[in-house]
Amino acid sequence: MPTTTTSFNHGQWSSRLAFILAASGSAVGLGNIWKFPYMAGENGGGAFVLIYLLCIILLGLPIMMAEVLLGRRGQQSPIRTMQTLAAEAKASRWWVLLGWMGVFTGFLILSYYSVIAGWSLSYVIQSAAGDFVGATQPQIGQLFSDLVASPQRLIIWHSIFMLMTILVVARGVSNGLELAVRYLMPGLVFIILLLIGYAISQGHFWAGMSFLFTPDFSKINTAVVFDAMGQAFFTLSLGMGSIMVYGAYLPKKVSIAKASIAVAGTDTMIALCAGLAIFPIVFANQLEPAQGPGLIFNTLPIAFSHMPGGLFFGTLFFVLLVFAAWTSSISLIEPVVAYMVERFRVTRLFACALCGGFTWLVGLGTVFSFNIWQDYRFAGKTIFDCLDFLTANLMLPLGGFLIAIFVAWVMQDEDVRDEMVMHNAVLYRCWNILLRYFTPLALICIFLRVVGVL
Ligand code: PFF
């Protein structure tokens, strides 16, 4: 179809930007600001960060390109995309299970994601009410303990966040939220930079820097590698079809590699900056870096309680954190909703209400795991820990592994080459070799090591 150069270029540019915004909206979320710092804290800092960065570059990026490629070629929801592409490659119909697993993983992740996003919502109100102003460090610690000890408060915030997610997804493609990503994400980066500035002025910045960037190789063990790998998949939203769905909107001419690098780069920068903002506060106040999921809620309010304009910046920070979580939660529920609408021809509202209601119910397990059920443990893990481990450490990497195998071994090489639009033959070869040999082998080795076979 004849198009003028200008309109073609314009279309291409805006769509590539739309993809980068939507995919970054999914990738940047609680995983960067809440989970990355506490995982780094629990796994000894620098050693974890080094392995995490290697996992992003060597496993995450190649798999992200493969997942986007699947979406762009299949053009539908993950389940249908896998059906179509398996038929095109004359492969087994069982590949559709990859789509199904993604839907189920998203549902499980959202059940606990919504509870943690609820903590952030509660902190918006607490910060705006001035609870942190002039508060001492033990008082701030108490505010967090009080919040998680109360099932009622957690249920209220979890319900509000779930409703927010359902409402947006029920209204269809979330133009409003895409706009929000465009303006609010820079806002979030601004506040994180402000916190880093605060850390520099308080003099403990270098302690944070060296904790995050000086790897102590003696701390590297199987558990650290396993956690870093899981975190790389979680933070990039890989292995469950979210990125595949967004790939469907990417115009044919756009370079998948460049777009993926932009998304992974943004995501990694935000996580590292969050770490740099948090650890100086941890060391300045003699807090425990390995305190787990409460880390940011116990540390950042200390900075907001002392800095000028802390009430304003603190409130704004938690508002932006809620938005970051919101744009991610939408991408978690969208595959299930899309599938229900496709398959059962129900309205979006009905599908959202049903999926959201069910997810909400499962989320109660996470709510109670912080209080009345905290002593119920399976292999030493609470319900929340189990869900987190099952999804981030097992299901997402398994999804990523299958995506790599499908693109590198099952699809026809001409189809992959044609879809990838990578003009540099050497780079294409590198990506292909990584995906064909390195990525699957590395994932198998990590798993075998974890179960004690290697
Ligand atoms: N990447 C999101 C975060 O870092 O908060 C979480 C997430 C969203 C994981 C979507 C998986 C997903 F499909």
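Indexing begins at 1, ligand by ligand and atom by atom, following the structure's order. All values reported here derive from a predicted model rather than from experimental measurement.
- At a heavy-atom distance under 4.0 Å, atoms from both the backbone and the side chain of S237 approach ligand 1.
- Selection from F234, F233, Y113 by nearest heavy atom to atom 5 (O) of ligand 1 gives Y113.
- Proximity of the aromatic rings of F297 and W34 is defined here by a centroid distance below 6.0 angstrom, and this criterion is not met.
- Only the backbone of A27 comes within 4.0 Å of ligand 1, judged by heavy-atom distances.
- Polar contact with ligand 1: present for G31 (N/O pair, distance under 3.5 Å).
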Quiz item: Step by step, would you call F447 with F401 a ring-ring contact (aromatic ring centres under 6.0 Å, His included)?
Solution: CA-CA 11 Å; F447 275 105; F401 172 80; 8.0 Å; no
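- Proximity of the aromatic rings of Y123 and F132 is defined here by a centroid distance below 6.0 angstrom, and this criterion is met.
- Near L30, meaning under 4.0 Å from any of its heavy atoms, are these atoms of ligand 1: 5 (O).
- Side-chain polar atoms of W360 and S159 form a donor-acceptor pair below 3.5 angstrom.
- Each of the atoms 12 (C), 13 (F) of ligand 1 lies under 4.0 Å from some heavy atom of M240.
- Taking only nitrogen or oxygen atoms, main chain and side chain alike, S331 does not reach within less than 3.5 Å of ligand 1.
- With values rounded to the nearest 0.5 angstrom, W119 atom CH2 is found 7.5 Å from L147 atom CG.
- Counting protein heavy atoms only, atom 2 (C) of ligand 1 is closest to S26 O, 3.3 Å.
- Using a cutoff of 4.0 Å between basic side-chain nitrogens and carboxylate oxygens, K35 and D388 are scored as salt-bridged.
- Not a single heavy atom of G106 sits under 4.0 Å from any atom of ligand 1.
- The ring of F384 has its center closer than 6.0 angstrom to the ring center of F370.
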